[in-house]
Protein chains: 2
Amino acid sequence: MKVLSKTSEYGLRALLFMVGKRQEQEYINIREMSEQLDISFHFLTKILQNLTQAGMLTSYRGPSGGVAFNVSPDNILLIDVIRLLEGDDFFEKCLLGLPGCGEKAPCPMHRFWGEIRGALRQEFESTTLAQMGESVLKSRLRLVP
Amino acid sequence: MKVLSKTSEYGLRALLFMVGKRQEQEYINIREMSEQLDISFHFLTKILQNLTQAGMLTSYRGPSGGVAFNVSPDNILLIDVIRLLEGDDFFEKCLLGLPGCGEKAPCPMHRFWGEIRGALRQEFESTTLAQMGESVLKSRLRLVP
DNA sequence: AAGTTTTAAGAGTATTTTATCTTAATTTAA
DNA sequence: TTAAATTAAGATAAAATACTCTTAAAACTT
């Protein structure tokens with residue numbers, strides 16, 4: 001069950017990494033981060049660029065440059081990240097991929113799927129990046145393969 | 001949120017279609033089904049071939065041939081279909097795509113995601129094709145875009 | 001038996017997603 | 001002020017997924 005694209009996987013991992021580091025270092029070097037997380041540098045750069053352009057991050061070029069949070073991760077919900085990286089219709093889609101599926105013309109899976117999707121959204125809407133990120137520090141949770 | 005591949009989407013839609021038709025017609029013509037459901041004939045044929053080889057369906061060639069249930073849809077769970085079309089590891093995967101993620105080295109999303117995934121699996125494990133398919137007949141639920 | 005219909009199987013093509021390469025712009029530091 | 005480091009941006013390439021085409025095999029119809 002692949003729910004997130006690589007873009008979101010990498011983006012979330014990078015953000016969680018940044019949450020863990022933000023005490024010691026405000027701007028995080030993308031090259032270093034890409035090496036630590038074993039993610040393609042150019043690909044990661046592009047993902048973080050999107051988050052920067054959307055205002056979630058801020059960036060600085062040149063030596064000792066990098067990206068930093070523009071909004072406190074206490075105020076960033078997981079759903080915000082996913083909406084930015086996957087698009088606004090992320091939680092709207094029909095399980096069977098039927099474009100016309102909705103309340104008016106529901107597919108056989110509509111109600112069934114709506115309940116599951118609702119639970120998932122509920123979780124994503126009530127969890128902040130900071131909450132998720134703290135657990136990386138407290139326990140020995142891993143961000144790296 | 002694209003959870004299923006096109007293969008599974010098409011396969012499920014076809015099976016639900018067959019459930020709805022099985023009273024009047026045992027063997028369902030793939031060509032006709034592909035037209036009714038607006039799915040590429042060759043692609044659908046291949047998907048149904050897999051289900052036939054796996055023993056879920058049985059097929060008949062020649063005029064008035066087609067595919068029919070080899071197992072009663074009362075005894076087919078949604079999870080059976082998904083396991084066949086998506087692979088056995090469908091419900092095992094990490095949300096962040098980390099290959100090493102598991103109880104021993106959980107990623108930050110591990111528990112969070114495990115709960116959602118469990119609820120989803122529970123639903124797929126306790127719903128039969130027949131149950132899902134009956135609703136297509138009883139109400140005016142749609143299988144077609 | 002011949003011709004037609006239909007599923008089976010594999011090769012080939014197209015589209016989308018993921019990843020890389022190259023060049024430019026910005027900033028620091030010597 | 002020059003060189004090095006770093007993000008920005010766009011073009012290109014590789015890989016995965018989705019789809020199509022062609023030929024074969026089986027079964028029916030006449």
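Throughout, protein chains are lettered first and strands after them, A, B, ... in sequence-line order, and every chain is numbered starting at 1. Side chains included, hydrogens not; waters and symmetry mates left out as well; all remaining heavy atoms used. No experiment lies behind these values; they were computed from the predicted model shown.
With values rounded to the nearest 0.5 angstrom, F90(A) atom CZ is found 13.0 Å from L84(A) atom CG.
In this structure, the nucleotide among dA8(D), dT7(C), dT20(D) sitting nearest to the side chain of T52(A) is dA8(D).
Going from atom CZ of F41(A) over to atom C1' of dC21(C) covers 12 Å, rounded to whole Å. Following rounding to the nearest Å, I30(A) (CD1) and dT26(C) (P) show an atom-to-atom distance of 16 Å. If you take OH of Y27(B) and C1' of dT5(C), they are 16 Å apart, rounded to a whole angstrom. Going from atom CZ of R61(B) over to atom P of dC28(D) covers 12 Å, rounded to whole Å. Atoms OH (Y60(B)) and P (dA25(D)) sit 19 Å apart, rounded to a whole Å. The nearest whole Å value for the distance from the CD1 atom in I47(A) to the C1' atom in dA8(D) is 15 Å. In this structure, L48(B) atom CG and dT7(C) atom P are separated by 9 Å, rounded to whole Å. Regarding D38(B), its CG atom lies at a distance of 10 Å from the P atom of dT20(D), rounded to whole Å.
Ionic pairing of E134(A) and R22(A) is present here: one or more N-O contacts between side-chain nitrogen and carboxylate oxygen are shorter than 4.0 angstrom. Between R121(A) and E92(A) there is a salt bridge, since a side-chain N of the basic residue sits under 4.0 Å from a carboxylate O of the acidic one. The residues E32(A) and K21(A) are annotated as salt-bridged, a charged nitrogen and a carboxylate oxygen being separated by less than 4.0 angstrom.
Residue-to-nucleotide proximity on DNA chain C shows that, of S64(A) and G62(B), the 5′-proximal contact is made by G62(B).
When all heavy atoms of L141(B) and P108(A) are compared, the closest pair comes out as CD1-CA, 3.7 Å.
Contact annotation: S40(B) reaches the phosphate of dT20(D) (side-chain N/O to OP1 or OP2, under 4.0 Å).
Following chains of ILVMFWY side-chain contacts shorter than 4.5 Å, one cannot reach Y60(B) starting from F41(B), and the two form parts of different hydrophobic clusters.
Relative orientation of the F91(B) and F124(B) rings is tilted, given thresholds of 30° and 60° on the angle between their planes.
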Next item on the list: Using a 4.0 Å cut-off on protein heavy atoms (strictly under), produce a 5'-to-3' string for nucleotides 9-18 of chain D with B for base contact, S for backbone-only sugar-phosphate contact, and - for none.
Entry: BBB------S

